[in-house]
*Asks:* 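Following this message is one structure expressed as structure tokens.
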Amino acid sequence: MTVAELPAQTDVVIVGGGLAGLAAARRLHRAGTPWLLVEAAERLGGRVRTDAVDGYLIDRGFQVVNTAYPRLSALVDLTSLGLGYFTQGVLVRRGEMLHRMVHPLRDPFGAARTVLTGLADAAGVESRRISSVGRAGDRLRLAALAARCASLPVDRLLTAPETSTEAALRRAGLSDRIVEELLRPFLSGVFGERELSTSSHVFAMIVRSFARGRIGLPAAGIGALPEAVATPLPESLIALGVSAASVRPGLVRTSAGAVRCRAVLVATDPATATALLPALGRVRMHSLTTYYHSTAEPPLGEPILLLDGDRRELVANTVVVSRAAPTYAPAGRHLVATSVAGPVVPPESVVRAELARLYGRAVDDWEHLTTVPVPEALPAAPAPQGRLRKPVATGEGIFVAGDHRGSPSVQGALASGWRAAGAVVGYLQG
Ligand SMILES: Cc1cc2nc3c(=O)[nH]c(=O)nc-3n(C[C@H](O)[C@H](O)[C@H](O)COP(=O)(O)OP(=O)(O)OC[C@H]3O[C@@H](n4cnc5c(N)ncnc54)[C@H](O)[C@@H]3O)c2cc1C
């Protein structure tokens, strides 16, 4: 729809065309409720987008599709995305050695196989002496935790006593070593914070999806995700480049004029949602920065996340993304994505030195393509959250969705949009 065609009236105005707004539109569309979506940017997707630059696919920060997200697979035929998958498990750098940690549920007794002695393994990893990450019993405890999160009903997980993630890891009996060498670096890249102050309920949902699903990247980049959610929606009901300036019951004022409506659904980023609806209160955000490098000689032979077990607390993870999805780099080149959690954006030279240590090889000839800082990447969800699924109705026909209304994730955003649209339909029928 062009800006000039903005209707003066509709039943529901959705503000924001990220995953939450698009999921809401899908539900309203299915219900046959007239709606209009206004999106401030010139394209849909919000925080989930991909730029094609000189033959590389540069996602707006390293982020992945998890096949176990239930709302995602309900809205999108995942096979249509041409997903390239990452290896299940991770590599951990500790001193001179790289350790392979296999997926705890696939191989709960696999500690011995974290050992690679002298021989190069499938990833081309060589290690010099026998050791492992964590202490005896850690793998079994980790497997038990994963099995519990994978098998219990979600409601049970979300009504279990709530603590910080750090406290939940200690309560599960995991050793300081496995927390510091594996879990803290891994989770810092998921939460955007190293303190592990994030609610144990969010942690349980994350573990559940990692235990039940696989992670991968769409062949066309992560931006293919919102495109796929939007595919069944008529373009004539979506106004790009139109920003909502204010919302009040029955009226949305936009940069292209006012639209009267029966209900408003605010599905913007958290900061804009609070600006439009101050009663929501401020939402603190966590930051993530991704460094993209290109190389002709990839440091690993498989698509596996490499973590820093040396407690250097800078790089959360690094991965050759083009090993999972070869479309991410032009022929003869590979794309390496390296994530740093927190508001500080270290100079590329500092990150490059860390990459040389982590991969155990010279990286001087790697080309730095770009650094993508996302200061407002994920809403903070510290314990106690109380209800992880926050109310979506604010009263007088105004509704709110977004990853700040559920778990800070793709699933949280989609589910909140779906839930809010359901509430809107009920309100309009009521
Ligand atoms: C670097 C990074 C890595 C991540 N990694 C993962 C991951 O691996 N797995 C995972 O599950 N999640 C991940 N996430 C989180 C996930 O991307 C978000 O939770 C999700 O995209 C949020 O969607 P949303 O619709 O709630 O908000 P947004 O994507 O922020 O969408 C809000 C939309 O509203 C629009 N808007 C704002 N103001 C206005 C206005 N006034 N008028 C009209 N429109 C407006 C914006 O332009 C935007 O399109 C990651 C996020 C980042 C940034």
Side-chain angles (χ1 to χ4, degrees), residues 13-25 36-49 58-69 71-72 86 186-187 189-192 202 205-206 209-210 213 215-217 222-223 225-226 229-230 238-247 252-256 259 264-277 283 285-292 305 316-317 319 337 339-341 371-379 381 400-418 420:
V13 176
I14 302 168
V15 180
L19 292 174
L22 291 171
L36 166 76
L37 187 151
V38 295
E39 164 54 54
E42 292 297 338
R43 59 174 145 168
L44 296 169
R47 273 168 275 166
V48 182
R49 62 181 267 184
I58 304 294
D59 290 340
R60 187 167 184 254
F62 174 62
Q63 43 185 319
V64 293
V65 171
N66 190 311
T67 58
Y69 284 157
R71 185 43 56 194
L72 178 61
F86 292 94
F186 178 74
L187 290 169
V190 177
F191 296 155
V202 174
M205 298 309 291
I206 296 285
S209 49
F210 277 106
I215 61 168
L217 287 172
I222 198 75
L225 207 59
V229 179
I238 297 175
L240 298 175
V242 175
S243 177
S246 71
V247 300
V252 177
R253 289 190 195 283
T254 79
S255 53
V259 185
V264 185
L265 200 163
V266 174
T268 65
D269 55 280
T272 309
T274 304
L276 293 173
L277 304 171
V283 179
M285 299 293 283
H286 290 314
S287 315
L288 284 168
T289 299
T290 307
Y291 297 76
Y292 286 105
L305 240 60
N317 61 63
V319 64
S339 302
V340 169
T371 299
V372 181
V374 187
E376 310 234 308
L378 293 160
V400 61
D403 59 353
H404 56 113
R405 309 315 289 167
S407 68
S409 66
V410 164
Q411 164 64 20
L414 291 170
S416 75
W418 190 259

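Residue numbers start at 1 and run along the sequence shown. Atoms within a ligand are numbered from 1 in the order they appear, just like the ligands themselves. Atom set for the values below is all heavy atoms of this structure, side chains included, hydrogens, waters and symmetry mates excluded.
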*Asks:* With a cut-off of 4.0 Å, which atoms of ligand 1 are near a heavy atom of Gly46?
*Replies:* 29 (O), 31 (O), 48 (C), 49 (O)

*Asks:* Are any of the N or O atoms of Val410 closer than 3.5 Å to those of ligand 1?
*Replies:* yes

*Asks:* Side chain of Thr254, backbone of Val242: donor and acceptor closer than 3.5 Å?
*Replies:* no

*Asks:* At a 4.0 Å cut-off, with the gap strictly under it, does some heavy atom of Val242 reach an atom of ligand 1?
*Replies:* yes

*Asks:* For Ala337 versus Thr290, what's the shortest heavy-atom pair and its separation?
*Replies:* CB-CG2, 4.0 Å

*Asks:* Among Ile222, Leu305, Leu288, whose side-chain contact (heavy atoms from CB on, under 4.5 Å) with Phe62 holds?
*Replies:* Leu305

*Asks:* Would the distance check show the side chain of Asn66 and the main-chain N or O of Ala68 forming a donor-acceptor pair, the cut-off being under 3.5 Å?
*Replies:* yes

*Asks:* Just need the protein heavy atom nearest to atom 39 (C) of ligand 1, so name the residue and atom and give the distance.
*Replies:* Thr268 CG2, 3.7 Å

*Asks:* Do Val64 and ligand 1 have an N or O pair less than 3.5 Å apart?
*Replies:* yes

*Asks:* Nearest protein heavy-atom contact for atom 25 (O) of ligand 1: which residue, which atom, what distance?
*Replies:* Ala20 N, 2.9 Å

*Asks:* In this structure, does ligand 1 have an atom that sits under 4.0 Å from one of the heavy atoms of Ala267?
*Replies:* yes

*Asks:* Check whether any side-chain heavy atom of Leu414 lies under 4.5 Å from a side-chain heavy atom of Val229, and answer yes or no.
*Replies:* yes

*Asks:* Please classify the Ala401 to ligand 1 contact at 4.0 Å (heavy-atom distances, strictly less than): side chain, backbone, both or neither.
*Replies:* neither

*Asks:* Are the side chain of Glu376 and the backbone N or O of Ser287 linked by a donor-acceptor pair below 3.5 Å?
*Replies:* no

*Asks:* Pairs of nitrogen or oxygen atoms closer than 3.5 Å, one from Gly21 and one from ligand 1: do any exist?
*Replies:* no

*Asks:* What do we get for His404 next to ligand 1 when only non-hydrogen atoms under 4.0 Å count, side chain, backbone, both or neither?
*Replies:* neither

*Asks:* Would you mind listing which atoms of ligand 1 come within a distance below 4.0 Å of any non-hydrogen atom of Ser243?
*Replies:* 40 (C), 41 (N), 42 (N)

*Asks:* Would a distance-only check, ignoring hydrogens and angles, find a side-chain to backbone donor-acceptor pair under 3.5 Å from Thr268 to Ala273?
*Replies:* yes

*Asks:* For atom 21 (O) of ligand 1, what's the nearest protein heavy-atom neighbour? Residue, atom name and distance, please.
*Replies:* Val48 CG2, 3.3 Å

*Asks:* Under 4.0 Å from any heavy atom of Tyr69, which atoms of ligand 1 are there?
*Replies:* 9 (N), 10 (C), 11 (O)

*Asks:* Take a 6.0 Å sphere around CZ of Arg43 and say whether it holds more than 12 heavy atoms from other residues, nucleotides or ligands.
*Replies:* yes

*Asks:* Any idea which of Glu39, Arg49, Arg47 brings a heavy atom closest to atom 35 (C) of ligand 1?
*Replies:* Glu39

*Asks:* Distance-only, no hydrogens or angles: does the Gln63 side chain make a donor-acceptor pair with backbone N or O of Arg47 under 3.5 Å?
*Replies:* yes

*Asks:* Examine distances only and state if a side-chain atom of Thr274 and a backbone atom of Pro270 form a donor-acceptor pair shorter than 3.5 Å.
*Replies:* yes

*Asks:* Atom 23 (O) of ligand 1: which protein heavy atom is closest, and how many Å away?
*Replies:* Ala413 CB, 3.4 Å

*Asks:* Tell me which part of Leu378 gets within contact of ligand 1: side chain, backbone, both or neither, using heavy atoms under 4.0 Å.
*Replies:* side chain

*Asks:* Tell me the contacting part of Asp403 for ligand 1: side chain, backbone, both, or neither, using a 4.0 Å heavy-atom threshold, strictly below.
*Replies:* both

*Asks:* Mark up the atoms of ligand 1 that fall under 4.0 Å of a heavy atom belonging to Gly61, in ascending order.
*Replies:* 1 (C)

*Asks:* Considering non-hydrogen atoms of the protein only, which is the closest contact for atom 5 (N) of ligand 1, and what is the distance?
*Replies:* Gln63 CB, 2.9 Å

*Asks:* Taking all non-hydrogen atoms of both residues, which atom of Ser255 and which atom of Gly241 are closest, and how far apart?
*Replies:* OG-O, 4.0 Å

*Asks:* Would you confirm whether Asp403, through its side chain, and Ser409, through its main-chain N or O, come within 3.5 Å as a donor-acceptor pair?
*Replies:* no

*Asks:* What part of Phe62 sits under 4.0 Å from ligand 1 if we count only heavy atoms: the side chain, the backbone, both or neither?
*Replies:* backbone

*Asks:* Heavy atom of Arg60 under 4.0 Å from ligand 1?
*Replies:* yes

*Asks:* What's the shortest distance from atom 43 (C) of ligand 1 to any protein heavy atom, and which residue and atom give it?
*Replies:* Ala40 N, 3.3 Å

*Asks:* Looking at atom 38 (N) of ligand 1, what's its closest protein heavy atom, distance included?
*Replies:* Thr272 CG2, 3.3 Å

*Asks:* With respect to Ala244, determine whether any N or O atom, backbone or side chain, lies less than 3.5 Å from an N or O atom of ligand 1.
*Replies:* yes

